[in-house]
Amino acid sequence: MPELPEVETTRRGVAPHVVDRQIVRVDVRERRLRWPVPEALAELPGQRFCSVGRRSKYLKFHCTAGTLLVHLGMSGSLRLVAADAAPGKHAHVDIVFDNAIALRYIDPRRFGSMHWLPAGSGEHPLLAGLGPEPLDEALDPDHLHRASRRRRLAVKQFIMDSRVIAGVGNIYACEALFLAGIHPGRPSRTISAKRYRRLTEAVRDVLGQAVAAGGTTLRDFLGGDGRPGYFSQQLHVYGRGGEPCTKCSGSLRELRLGQRSTVFCPSCQT
DNA sequence: CCCTGAACCTGACCGC
DNA sequence: TGCGGTCAGGTTCAGG
């Protein structure tokens with residue numbers, strides 16, 4: 001479910017309801033996520049989140065004692081619920097506020113994670129090596145080209161490497177490469193600076209539009225306010241293997257790159 | 001340093 | 001109805 005637009009949609013949906021509210025309780029029903037849920041969450045009661053940020057696909061809940069990092073993995077979501085609402089099978093953590101609302105972390109596959117970063121302890125190791133944010137206005141249009149000079153792997157895997165550029169997931173990698181007219185299997189180093197500039201623009205466009213639309217709806221995505229996103233109708237290639245290309249009407253093809261399904265148009269993407 | 005494949009886990013779906 | 005196989009939005013880690 002969550003790619004960067006879904007994470008950003010969650011941030012926007014959740015922030016107004018949790019910022020400045022006093023935390024009264026944290027219920028951890030299941031500690032076994034990708035990494036164990038930190039014991040330090042026990043220090044949250046009495047605190048208030050002063051802001052909610054995002055870096056790559058990590059949400060950052062800031063308070064004076066430190067920062068709670070939340071990653072949604074493949075199947076995670078955050079919902080605002082009544083504090084007494086029945087948790088259900090995969091509702092692993094609740095952060096309960098003084099107005100009887102809870103921020104509920106739900107994650108069937110448990111590939112997500114939570115981390116606690118005490119105030120003043122610098123950057124979390126998981127965030128330290130991340131590449132630039134794709135939606136940062138200051139992103140250098142030649143960044144991808146420069147970073148690719150010694151890389152032989154397929155360009156799709158290259159742009160999905162979070163050390164190269166943060167937050168480009170499988171759906172949007174496919175979509176951006178289609179928009180830029182680049183074959184996803186092309187070796188990174190064989191692509192010109194001009195085409196990388198076009199690809200950079202495509203990544204920003206596709207992510208920006210998806211954020212504006214409130215995230216992609218695949219199966220069950222709901223924003224923090226419980227409203228579904230509507231972007232899935234605009235996907236050109238993802239999930240459309242064998243169907244006609246929206247540009248040339250040829251048949252879209254599917255291949256696997258780095259264990260991920262990849263859809264592209266063999267005539268529009270070279 | 002670069003690259004590949006395994007691993008983590010549950011649920012949905014498909015063919016028999 | 002059940003059973004086995006395949007697939008799914010992500011990321012880290014071990015090993016070549």
Side-chain angles (χ1 to χ4, degrees), chain A residues 1-11 29-37 54-59 69-78 88-93 105-115 124-131 134 146-176 184-190 203 206-207 210-211 213-223 228-235 237-242 254-263:
Chain A
M1 172 254 298
E3 287 222 28
L4 186 145
E6 289 73 37
V7 176
E8 177 61 21
T9 299
T10 298
R11 187 189 71 75
R29 300 181 197 85
E30 176 58 85
R31 293 209 106 81
R32 299 171 302 164
L33 302 185
R34 173 87 203 255
W35 287 282
V37 174
R54 178 187 59 76
R55 173 75 169 108
S56 190
K57 293 169 189 160
Y58 290 90
L59 290 168
L69 300 178
V70 177
H71 197 291
L72 301 176
M74 288 279 251
S75 57
S77 59
L78 286 174
K89 196 173 175 188
H90 303 294
H92 307 310
V93 178
Y105 177 87
I106 302 161
D107 187 359
R109 292 178 75 179
R110 291 191 276 118
F111 285 179
S113 58
M114 295 193 186
H115 313 268
H124 193 279
L126 288 170
L127 305 194
L130 291 173
R146 251 186 296 104
S148 69
R149 289 309 77 196
R150 271 173 255 288
R151 308 295 299 273
R152 313 184 98 97
L153 80 174
V155 61
K156 176 170 177 256
Q157 292 169 268
F158 174 67
I159 61 170
M160 287 181 70
D161 181 345
S162 61
R163 293 165 309 173
V164 170
I165 186 163
V168 180
N170 198 38
I171 297 176
Y172 298 105
C174 291
E175 294 299 313
R186 175 174 284 279
S188 312
R189 67 199 297 192
T190 68
V203 167
V206 78
L207 290 177
V211 169
T216 295
T217 297
L218 275 169
R219 299 185 177 87
D220 56 355
F221 177 71
L222 298 173
Y230 291 98
F231 190 68
S232 58
Q233 301 140 14
Q234 300 171 38
L235 296 177
V237 287
Y238 183 81
R240 297 194 60 239
E254 216 159 334
L255 75 149
R256 286 195 88 76
L257 285 174
Q259 326 175 82
R260 312 302 297 275
S261 84
T262 306
V263 189

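These numbers come from the heavy atoms of this one structure, side chains and all, not from hydrogens, waters or symmetry mates. Chain letters run A, B, ... following the sequence lines, proteins first, then strands; residues in each count from 1.
Between A/Leu4 atom CG and C/dG10 atom C1' the separation is 13 Å, expressed in whole Å.
Under 4.0 angstrom from either OP1 or OP2 of C/dG9 there lies at least one side-chain N or O belonging to A/Arg260. Close to C/dT12, at under 4.0 Å from its OP1 or OP2, lies no side-chain N or O of A/His71. For B/dT10, neither phosphate oxygen OP1 nor OP2 lies less than 4.0 angstrom from any side-chain nitrogen or oxygen of A/Lys89. When the side-chain nitrogen and oxygen atoms of A/Arg256 are compared with OP1 and OP2 of C/dT6, none of them lie within a distance under 4.0 Å.
Comparing atom distances between the A/Tyr238 side chain and each of C/dG10, C/dA8, C/dT12 picks out C/dA8 as nearest. Comparing atom distances between the A/Trp35 side chain and each of B/dC9, C/dT12, C/dG9 picks out C/dT12 as nearest. With B/dC9, B/dT10, C/dT12 as the candidates, the nucleotide lying closest to the side chain of A/Leu126 is C/dT12. With C/dG9, C/dT12, B/dC9 as the choices, the nucleotide that has an atom nearest any side-chain atom of A/Glu3 turns out to be C/dG9.
At a cut-off of 3.5 angstrom, the base of B/dC9 holds no donor-acceptor pair with the side chain of A/Arg110.
The distance from the CG atom of A/Leu33 to the NE2 atom of A/His71 is 12.5 Å, given to the nearest 0.5 Å. Expressed to the nearest 0.5 Å, how far CG of A/Leu78 lies from CG of A/Asp107 amounts to 9.5 Å. Expressed to the nearest 0.5 Å, how far NE2 of A/His115 lies from CG of A/Leu127 amounts to 8.0 Å. Between the OG atom of A/Ser56 and the CG atom of A/Leu126 there is a distance of 10.5 Å, given to the nearest 0.5 Å. To the nearest 0.5 Å, atoms CG (A/Asn170) and CD (A/Gln259) are separated by 11.5 Å.
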Dot-bracket notation for DNA chain B, counting Watson-Crick and G-U pairs under 3.5 Å, with | for partners on another strand
.|||||||.|||||||
Provide a list of protein-nucleic acid N or O atom pairs under 3.5 angstrom, restricted to nucleotides 3-7 of chain B.
{"unit_1": "B/dC3", "atom_1": "OP1", "unit_2": "A/Arg152", "atom_2": "N", "d": "2.3"}
{"unit_1": "B/dC3", "atom_1": "OP1", "unit_2": "A/Leu153", "atom_2": "N", "d": "3.1"}
{"unit_1": "B/dC3", "atom_1": "OP2", "unit_2": "A/Arg151", "atom_2": "NE", "d": "2.3"}
{"unit_1": "B/dC3", "atom_1": "OP2", "unit_2": "A/Arg151", "atom_2": "NH2", "d": "3.0"}
{"unit_1": "B/dA6", "atom_1": "N7", "unit_2": "A/Gln259", "atom_2": "OE1", "d": "3.1"}
{"unit_1": "B/dA6", "atom_1": "N7", "unit_2": "A/Gln259", "atom_2": "NE2", "d": "3.3"}
{"unit_1": "B/dA6", "atom_1": "N6", "unit_2": "A/Gln259", "atom_2": "NE2", "d": "3.3"}

Between protein and nucleotides 14-16 of chain C, what N or O pairs are separated by less than 3.5 Å?
none

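At a threshold of 4.0 angstrom between heavy atoms, the contacts of A/Ser261 are confined to the sugar-phosphate backbone, with no base atom among them. Counting any heavy atom pair closer than 4.0 Å across all strands shown, A/Phe158 reaches no nucleic acid atom.
Comparing the P positions of B/dC3 and C/dG9 gives a spacing of 22 Å, expressed to the nearest Å. To the nearest whole angstrom, the two P atoms, one in B/dG5 and one in C/dC7, are 15 Å apart.
A/Arg240 pairs by the side-chain hydrogen bond (donor to acceptor under 3.5 Å, both in side chains) definition with A/Glu243, not counting sequence neighbours. Residues satisfying the side-chain hydrogen bond (donor to acceptor under 3.5 Å, both in side chains) criterion with A/Arg186, sequence neighbours excluded, are A/Thr190.
Relative orientation of the A/His92 and A/Tyr105 rings is tilted, given thresholds of 30° and 60° on the angle between their planes.
Among residue pairs with one or both ends in residues 149-160 of chain A, those qualifying as salt bridge (charged side-chain N to carboxylate O under 4.0 Å, His left out) are A/Arg151-A/Asp161; sequence neighbours excluded.
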